[in-house]
Structure formats: C-alpha cells, structure tokens
Peer 1: 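Structure incoming, see below.
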There are 2 protein chains.
Amino acid sequence: MDKNLKRMATMQRMQVTGLELFYKNGYYNTSVDDILKELNLSKGAFYYHFDSKEDFLIEILDNLLARKVYSMLIEPIEGHDNPLHLITNCFENALETAVHNEMDCGFILNNLINEFRGKNEAITRRLNEILQIWEVNLVSAIQKGKFNGHIDRHVDAEGIALFLMSSYMGVRTLMAEDAPSARKYRFMAQLKQYFKSLEVKHSPLKA
Amino acid sequence: MDKNLKRMATMQRMQVTGLELFYKNGYYNTSVDDILKELNLSKGAFYYHFDSKEDFLIEILDNLLARKVYSMLIEPIEGHDNPLHLITNCFENALETAVHNEMDCGFILNNLINEFRGKNEAITRRLNEILQIWEVNLVSAIQKGKFNGHIDRHVDAEGIALFLMSSYMGVRTLMAEDAPSARKYRFMAQLKQYFKSLEVKHSPLKA
DNA sequence: ACTTCAACAAACCGCCCGGTCGGTTTAAGT
DNA sequence: ACTTAAACCGACCGGGCGGTTTGTTGAAGT
C-alpha cells in the first residue's frame with residue numbers, strides 16, 4: 001500500500017519533530033502550530049492523522065520515547081557479563097551522548113514526568129510504566145550479577161536500582177545546566193566509587 | 001507604619017500561595033487568576049504589588065525558595081561534626097518531610113529548572129545561583145571533613161557534591177511518583193553504603 | 001470636615017492556543 | 001477520462017491567559 005506508506009511517513013515526521021519540540025520546550029509550551037510550522041504542514045494534516053494533541057503525545061511516548069529509553073538504557077545492560085561493568089558503560093555512553101548533544105535539555109522522561117504530575121493521569125501512568133520497565137531490568141541485571149558472583153550477595157538490588165535511576169536523572173538535569181563534560185566525568189568517577197563498594201568482598205588476608 | 005505592615009502581609013500571602021501553586025502546577029500552567037482566586041483577591045491588588053508575573057516569581061525565588069533551600073539543605077550541614085553524618089541526617093530529614101507532604105511534587109528547584117531551561121535566561125540564572133550555593137556549601141563541608149580526618153583525603157569533593165545533588169534531585173522526583181516511604185528508605189541505605197566508601201581507610205592489619 | 005493615597009475591585013484588551021470545518025489537491029483504480 | 005477517497009490546506013471559533021485601566025473604599029494626616 002503506497003498510501004499507507006505515505007501516511008506512516010508523514011505521521012513519523014510529525015512525531016519526530018513533536019518529540020524534539022516537546023523535549024526542548026515542554027508539552028504545554030509547544031503549540032501544534034509550532035510543530036507544523038517546522039514541517040510546513042497545516043493543522044488539517046495534523047488533525048487528519050491524530051485525534052488530539054494528547055493522542056499525538058501518547059503515540060510519541062509509545063512509538064519513540066519508550067524505544068529510545070530501551071535502546072539507550074535497557075538493552076545495553078542485558079547480557080551475562082558483570083552488570084556493574086555493563087551499567088558503567090551504558091551510563092558512560094548515555095551521558096556522552098548528552099554531552100555532545102548541542103541542545104541537551106536533560107532527561108526527557110524526567111522533564112515530562114515533572115510537567116504532567118498531578119495534571120494528566122493517563123500520561124503520568126504511561127511515563128511511569130517506562131520508568132518501571134527500566135527499574136525492572138536494572139533489578140534483574142543486578143540480581144543476575146549477584147547470582148554470577150559479580151556483586152556482593154548481601155546488597156539490596158531494588159535499592160541499587162533506585163539509587164542508579166535517581167542519580168542518573170539528577171545528573172542529566174545538572175549536565176543540561178552547566179559544564180556537562182566536567183560533570184559527566186565527575187559523576188562517572190563517583191559512580192565507580194559506589195560500585196566498588198558493591199563488589200564481592202575478597203578476603204583481605206589473601207591479597 | 002501600619003500600612004507598610006499590611007502591605008508586607010498581603011505580599012507575603014500572595015508569594016506563599018504563589019509558590020505553592022507554582023510547585024503544584026508549574027509556573028506557566030498557573031495563571032495569576034488561579035493564585036488570586038485562592039486568596040479572594042483581585043488582579044488590581046496583584047499588579048499593585050508586583051510589576052509582572054515574572055517579577056512576582058523572582059520575588060518568590062529570592063524571598064522564599066532560596067531561604068527554604070538554605071534552611072533545609074545547607075544550614076543543617078554546617079558545623080564541625082563528621083560531614084557525612086550531617087549530610088545523612090540532613091537528607092533523612094528532607095526526604096522524611098517529602099514523605100509526609102501530602103502533595104509532594106518533587107524537588108521544586110528541579111521542577112523550575114526544567115521548566116525554564118532555554119526559555120527564560122534571567123530566571124534560569126537565578127535558579128542556578130541557588131544550586132551553586134548548595135554545591136559550594138556541600139564542597140566546603142566535605143573538604144572540612146577531609147581536613148578533620150572524617151573523610152578520605154584522596155576523594156574528589158566536587159565529584160561527591162555533584163553525586164549527592166544528582167541523586168537527591170532524582171530521588172525526589174521518583175518519590176513523588178510512587179512509594180515515597182519505601183524509596184526514601186532504600187535511597188538512604190544506598191547513600192550510607194556510598195558514604196562508607198568515602199571514610200578514611202583504617203589499616204586492615206590493625207583491626 | 002476635607003484631602004490624600006495606599007489598597008483593592010472589576011471590567012476590559014489583545015493575543016495565542018487547541019480544535020473544527022469546508023474546500024482543494026493528489027493519485028490510485030477502472 | 002472519470003470516480004473516489006486519502007491527504008492536505010487555511011480560515012475560523014471559543015476560551016483562557018497576562019496585563020492595563022478605571023473606579024471605589026477606607027484609614028491616616030491636618
């Protein structure tokens with residue numbers, strides 16, 4: 001179906017620039033016209049493809065944001081290597097991407113969550129679902145590390161996951177404000193320091 | 001001057017509810033009318049006391065937010081005790097306050113920074129100033145701890161401060177989303193774990 | 001008693017946004 | 001060549017927002 005192809009292409013274009021502008025300016029401060037102006041399209045085109053601005057956002061969350069989080073933060077930590085190494089590399093790459101992003105506006109999931117909290121239940125739930133998927137995968141990676149002998153058996157996997165998510169979300173906000181490269185470097189150093197305390201304790205007498 | 005007293009009282013009331021609503025709904029999604037409706041005041045009263053909505057916000061940042069951050073996050077870590085203990089207690093209290101806050105909407109400084117990034121230079125600068133004051137005080141507390149022998153001399157004070165600010169900002173966002181009490185508990189446990197790795201290394205042979 | 005002015009009320013203005021709708025173009029099917 | 005429907009255009013509407021202006025009140029000063 002050629003028609004269907006064009007339809008999908010146009011919808012995709014709209015969603016991509018929509019996500020960009022929502023990221024840059026927030027949802028409520030981005031008008032539908034702003035998005036359409038960027039694409040040289042009209043309002044008729046928009047409301048032909050989407051029911052409403054909110055429906056548009058939901059499509060973006062499911063089609064683009066969820067996949068983005070998965071490919072950048074979840075998929076890289078899958079595998080059977082030491083999860084602390086996997087997570088370190090994953091964060092390193094994610095932060096490096098942020099550093100090189102000319103217009104870094106922080107962690108978009110964090111921004112959207114803050115914007116919709118207490119204002120739109122449906123959107124908030126969807127955003128939290130993405131967070132939960134991230135959390136679940138972190139926890140299971142850590143537990144796998146405990147089982148495989150990479151991580152101390154006594155640590156709290158849920159606690160570690162929460163600490164990782166918190167610090168990542170926070171540093172992304174701070175990196176967007178000032179000195180992204182320096183802050184990334186400092187953050188990664190402290191993360192490694194924290195991870196060292198989670199490794200299995202080798203007998204000090206044996207060393 | 002009785003007049004001046006009343007003037008100050010009205011302005012204070014406006015600022016307090018203004019901060020509340022900006023915290024709950026964000027700045028751009030809170031209309032001046034919303035604030036005035038809450039106080040049964042008119043727009044005339046508002047624009048008699050303040051030049052604009054932006055001027056109003058700046059007054060709030062200087063008069064209320066900066067002091068709030070100082071009293072909750074900076075003043076408690078001043079002193080000559082072990083700064084790791086001081087920071088632990090400070091975070092414990094700050095997070096406990098958030099847990100008991102019926103309408104916790106995360107860390108307001110984080111929310112405002114995300115909302116104004118790339119949109120209002122003057123506001124963003126003021127918000128960053130508050131962050132910097134926090135950072136400077138964290139750094140100096142840690143350095144004092146290094147000097148006093150509470151903290152390992154080889155650690156990077158700026159890195160620790162950044163890591164603390166990041167994780168705090170992040171966990172406040174996550175606590176506002178779900179399971180605040182459990183998340184606070186888990187977070188504090190991991191923070192203590194991290195802090196352990198920063199303590200002065202006692203000779204293992206001596207123990 | 002009269003003036004003065006801070007303090008507030010309320011109507012109003014211009015702008016912008018989300019959403020609608022009738023009309024036009026494009027292209028596939030026959 | 002004609003039909004049909006998808007894809008798109010752009011003027012328009014209702015409502016809400018930030019901000020202004022004009023008018024009213026009430027207490028202090030003389």
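We name chains A, B, ... by the order of the sequence lines, and we start the count at 1 in each one.
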Peer 1: Mark yes or no: A/Lys53 above the aromatic ring of A/Tyr27, with NZ or CZ under 6.0 Å from the six-membered ring centre and no more than 45 degrees from the axis.
Peer 2: yes
Peer 1: Any side-chain N or O of A/Arg7 below 4.0 angstrom from OP1/OP2 of D/dA7?
Peer 2: yes
Peer 1: Select from A/Gly44 and A/Asp34 the residue whose nearest nucleotide in DNA chain C is closer to the 5' end of that strand.
Peer 2: A/Asp34
Peer 1: For A/Met11 and D/dC8, what is the distance between atoms CE and C1' respectively, to the nearest whole Å?
Peer 2: 14 Å
Peer 1: Taking atom types as they are modelled, would you say the side chain of B/Lys43 forms a donor-acceptor pair with the base of D/dG19 within the 3.5 Å cutoff?
Peer 2: yes
Peer 1: According to a strict under-4.0 Å criterion, is A/Thr10 in side-chain N/O contact with OP1 or OP2 of D/dC8?
Peer 2: yes
Peer 1: Between A/Leu36 (CG) and C/dC16 (C1'), how many Å, whole number?
Peer 2: 15 Å
Peer 1: OP1, OP2 of C/dC8 versus side-chain N and O of B/Tyr48: anything below 4.0 Å?
Peer 2: no
Peer 1: Check this one for me: any side-chain N or O of A/Ser31 less than 4.0 Å away from OP1 or OP2 of C/dC16?
Peer 2: no
Peer 1: Quick check: does any side chain N or O of A/Asn120 sit under 3.5 Å from a backbone N or O of A/Phe116, one acting as donor and the other as acceptor?
Peer 2: no
Peer 1: Nearest whole angstrom, please: distance from the C1' of C/dA9 to the CG of B/Leu39.
Peer 2: 15 Å
Peer 1: Using a heavy-atom cut-off of under 4.0 Å over every strand shown, decide if B/Asn40 touches base, sugar-phosphate, or nothing.
Peer 2: sugar-phosphate
Peer 1: Atom CZ of B/Phe50 to atom P of D/dG18: distance rounded to whole Å?
Peer 2: 15 Å
Peer 1: Measure the distance from CZ on B/Arg13 to C1' on C/dA7 and round it to the nearest whole Å.
Peer 2: 12 Å
Peer 1: Is there a side-chain contact between B/His49 and the phosphate of C/dA6, meaning an N or O under 4.0 Å from OP1 or OP2?
Peer 2: no
Peer 1: For the side chain of A/Leu41, starting at C-beta, report the closest nucleotide among D/dA7, D/dC9, D/dG19.
Peer 2: D/dC9
Peer 1: Do you see a donor-acceptor pair shorter than 3.5 Å between the side chains of B/Ser31 and B/Asp34?
Peer 2: yes
Peer 1: How close or far is atom P of C/dC17 from atom CG of A/Leu21, stated in whole angstroms?
Peer 2: 13 Å
Peer 1: Does a side-chain N or O of A/Tyr47 approach OP1 or OP2 of C/dG19 to a distance below 4.0 Å, or not?
Peer 2: yes
Peer 1: Find the distance A/Phe46:CZ to D/dC12:P and express it as a whole number of Å.
Peer 2: 22 Å
Peer 1: What is the distance from CD1 of B/Ile35 to P of D/dC17, rounded to the nearest Å?
Peer 2: 11 Å
Peer 1: What about B/Phe187 and B/Tyr168, are their ring centers closer than 6.0 Å?
Peer 2: no
Peer 1: Evaluate the ring planes of A/Phe163 and B/Tyr194, with Trp represented by its six-membered ring, and classify them as parallel (under 30°), tilted (30 to 60°) or perpendicular (over 60°).
Peer 2: tilted
